[in-house]
Structure formats: C-alpha cells, structure tokens
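Note that the structure is predicted; figures quoted are calculated from it, not measured.
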Amino acid sequence: MIDRKRYPQCHQQPALSLVVLILLILCNNMHRVMCVALTFELPDNAKECFHEEIMKNQTVTLEFQVVSGGRYDVDVTLESPTGEVIYKQIKTQFDSYQFIAAATGVYAVCFSNEFSTFSHKIIYIDLQVGEEQPLPGMEDHTTVLTLMETSAQDIHKGLNAMLDYQTHHRLREAQGRKRAEDLNERVLWWAVIETACILFIAIGQVFLLRNFFSEKKPSQMNYSLMK
C-alpha cells in the first residue's frame, strides 16, 4: 500500500468523469525496483510536491503527462536533497527524464499550476527508482543461457513493454475523450445560444409585421391627419 504520510497530496476526486481518477501502483519489491505511478488533480493556483528517498548511484526515471485541464501544461521541477534543481520544465504537456542519483537523500518532484487562475489539471506521474534485477534463478548465471531461459527473459521484457504501451494508450484515450467532451460542450452551448437568437429574431419579426398590418384606431388616424 502507498504510505499516505509519504504522499499526503494523493486524494480521491469521485466527481470527475475520467476513467482513471486515482491510480496507485507499487511495483514488486522482490525485483528491488521501486516505482510509483499515480494520477492526481492539481487545482488552479496550486503546487503539489512528492518526496522519495533515493540511494546514491541509483538510476531514476521520471515520466509525467497532463491528461486534462486548461492548455494541458504544467511547471515541473526536480530537486536534490541539497535543494539543487536538477530538472525543470515550464508549461510542458509531457516529458521523460532519467538521471543517476549523486547523493543519498530525499528527492522532491514538484508540479506547479500557479500560473493558471481558474483551470485545474489532471496529471499522471510515473517514478521508477533502481535497475530491474534478473528473473529469479538467473542472478549468478555463469553458463550460457538455455533456450528456455532466453525465451523467459524475452517474454518478461515483452510483458513490461506491453504494460508501458497500455499505460500510454490509456492516457491518450483519456486525454482524447476529455478533449472531445470539452468540444461537445462548446458545440452544445453554441447551438443553444444560436437557437435562442433565432427564436428571439423570429418573435421580433412576428411582432414587427403584426404592427405593420394591424388597423389603426380612428383617434390615431385623426391625429395622423392633423399632423
């Protein structure tokens, strides 16, 4: 389970209509690889930071993508335990960054939406720490791998690649559906406003034509003749 003390900003938003509201996945620790993938909501004028303790010389991969909200952009910074900014992006939709930890300590990944005044964002983040270890039984393999062992490794790599592709396709599908919903809402409001304008013009024309063809009273006729 995710330690909520470590990730205090992760909270559920049940009112959202996206397929993935909160996705929390912890990879198998038996492979000595820690990875956290989650989708969270970043309100307008807000900043969220996630902290992770990383050992020295560990390989770290950070990947993120803005799923919905505004212009699909966000500010991202990655800070070392000493406060040094080792990665920074301004108003970026998605990106992937890999680095080797220079020191042991708590690293911070911060997402900022402070430049937005009214639009909140849905952001997906994937943080992988450490190198994936070989399959069980192949750690200290001194001889040449057999055909079955080679096939097992290929299948394992293929399954990992399939998981990555499925994640990216789910993100693209959610992003495309959100854009389609926004476009559909704009078209709906445009149609409503256009219909209201047409009805208003039609009713105005009816009253105007009715005024032209209506008979005037005698008093009104005498008043017009005196003029």
Please give me the minimum heavy-atom distance between P43 and E48, naming the atom from each residue. CD-OE2, 4.5 Å
Is R179 atom CZ crowded by more than 12 heavy atoms from other residues, nucleotides or ligands, each under 6.0 Å away? yes
Can you tell me how far CG of D95 sits from CD of Q93, rounded to the nearest 0.5 angstrom? 11.0 Å
Atom pair CG (N45) and CZ (F118), whose distance is rounded to the nearest 0.5 Å: 10.5 Å
side-chain contact (heavy atoms from CB on, under 4.5 Å) between L62 and V109: does it pass, once the steps are laid out? CA-CA 9 Å; L62 170 65; V109 182; 4.0 Å; yes
Are F64 and D126 packed together at the side-chain level, in the sense that at least one heavy-atom pair is separated by less than 4.5 angstrom? no
So do the side chains of V74 and S112 get within less than 4.5 Å of each other, counting heavy atoms only? no
Is F40 close to L42 at the side-chain level, that is, under 4.5 Å between some pair of heavy atoms? yes
Which distance, rounded to the nearest 0.5 Å, do you find between the OG1 of T92 and the CG of D73? 8.0 Å
Does H51 form a side-chain contact (heavy atoms from CB on, under 4.5 Å) with V106? I'd like the steps, not just the answer. CA-CA 6 Å; H51 302 82; V106 178; 3.6 Å; yes
Residue pair T61 / L127, side-chain heavy-atom distance below 4.5 Å: no
Could you tell me which non-hydrogen atom of Y107 sits nearest to which non-hydrogen atom of A102, and how far apart they are? OH-N, 3.5 Å
Do you know the tightest heavy-atom contact between T104 and K56? OG1-N, 2.9 Å
Quick check: is I54 connected to I125 through a chain of hydrophobic side chains (ILVMFWY, heavy atoms under 4.5 Å apart)? yes
Would K91 and F115 count as a side-chain contact (heavy atoms from CB on, under 4.5 Å) here? Give the steps. CA-CA 9 Å; K91 294 184 178 180; F115 58 87; 3.8 Å; yes
Separation between OG of S68 and NE2 of H120, rounded to the nearest 0.5 Å: 6.0 Å
Looking only at heavy atoms, the pair that brings S80 and I86 closest together is CB-CG2, 4.4 Å
Output for pair (R177 CZ, N184 CG), nearest 0.5 Å, gives 13.5 Å
Co-members of I203 in a cluster of I, L, V, M, F, W and Y side chains, linked at under 4.5 Å: F207
When every non-hydrogen atom of S119 is compared with those of G70, the smallest separation belongs to OG-CA, 3.7 Å
Residues passing the ring pair (Phe, Tyr, Trp, His ring centres under 6.0 Å) test with Y87, sequence neighbours excluded, are Y97
Worked verdict on D44 versus K121 for salt bridge (charged side-chain N to carboxylate O under 4.0 Å, His left out): CA-CA 8 Å; D44 52 287; K121 310 290 176 62; over 6 Å; no
Do M162 and I155 share a hydrophobic cluster (ILVMFWY, side-chain heavy atoms under 4.5 Å, transitive)? yes
Using the rule given for side-chain contact (heavy atoms from CB on, under 4.5 Å), can you reason through E181 versus E185, listing the C-alpha separation, both sets of side-chain angles and the distance that settles it, and then say yes or no? CA-CA 6 Å; E181 290 176 355; E185 185 178 358; over 6 Å; no
So which atom in Q58 and which in V129 form the shortest heavy-atom distance, rounded to 0.1 Å? OE1-CG1, 3.2 Å
With heavy-atom distances below 4.5 Å as the criterion, would you say the side chains of I123 and T39 are in contact? no
Between K88 and D75, is there a side-chain N and carboxylate O pair less than 4.0 Å apart? no
Which distance, rounded to the nearest 0.5 Å, do you find between the CG of N211 and the CG of L209? 9.5 Å
Examine K47 relative to F111 and say whether NZ or CZ is less than 6.0 Å from the centre of the six-membered ring and inside a 45° cone about the ring axis. no
